[in-house]
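Reading through the structure tokens given below for one structure.
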Amino acid sequence: MALVEMAHERDVSIARASEAEERERLVRDRLASLGPLEQRVEIAERRVRDAERRLDEIGERIAAATQHGAAPSHEGTPEPSNQDATEDPSSEPADDAARLAADLRERLARTAARKRAARGRR
């Protein structure tokens with residue numbers, strides 16, 4: 001009877017060791033697959049930083065243009081009619097561009113935050 005119990009314990013131990021080896025192999029495979037993902041995340045983060053830097057530059061240019069009264073050239077763009085005399089039509093495109101830049105900056109920040117959160121969950 002003791003021989004049968006020892007054989008059973010041996011079989012159980014072999015099965016557990018086999019399962020542990022399989023789990024280890026799966027973990028190694030998963031870790032190996034994360035390498036390229038991390039590289040892609042780093043590239044994406046670099047692109048986000050570059051885009052944010054460009055948005056900052058655009059915002060600075062817009063601010064400088066509106067402070068100096070220089071309007072972006074809109075040759076061939078028809079002038080709106082019934083314009084209020086106190087309104088500065090040259091500031092409208094700059095305001096629109098500033099709003100777009102702020103919106104893009106906000107969207108980039110949300111995307112970066114989601115990516116950081118997803119990376120933290122791994």
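Separating the CD atom in Glu38 from the CD1 atom in Ile43 is a distance of 12.0 Å, to the nearest 0.5 Å. Rounding to the nearest 0.5 angstrom, the gap separating the OG1 atom in Thr111 from the CD atom in Glu106 is 10.5 Å.
Take Asp56 and apply the side-chain hydrogen bond (donor to acceptor under 3.5 Å, both in side chains) test, not counting sequence neighbours, and it matches Arg105. Evaluation of the side-chain hydrogen bond (donor to acceptor under 3.5 Å, both in side chains) rule for Glu42 yields no partner, not counting sequence neighbours.
The stretch residues 3-22 participates, sequence neighbours left out, in these side-chain hydrogen bond (donor to acceptor under 3.5 Å, both in side chains) pairs: Glu22-Arg25.
No salt bridge links Glu57 with Arg53; every basic N to acidic carboxylate O contact stays at or beyond 4.0 Å. Look at Asp50 and Arg46 and you find no salt bridge, because none of the NZ, NE, NH1 or NH2 atoms lies under 4.0 Å from a carboxylate O.
Using a 4.5 Å cut-off between side-chain heavy atoms of Ile, Leu, Val, Met, Phe, Trp and Tyr, with links allowed through other members, Leu55 and Val48 fall into the same hydrophobic cluster.
Other residues, nucleotides and ligands contribute only 12 or fewer heavy atoms inside 6.0 Å of the CG atom of Leu3. Sparse packing is recorded around CZ of Arg40, with 12 or fewer heavy atoms of other residues, nucleotides or ligands lying under 6.0 Å away.
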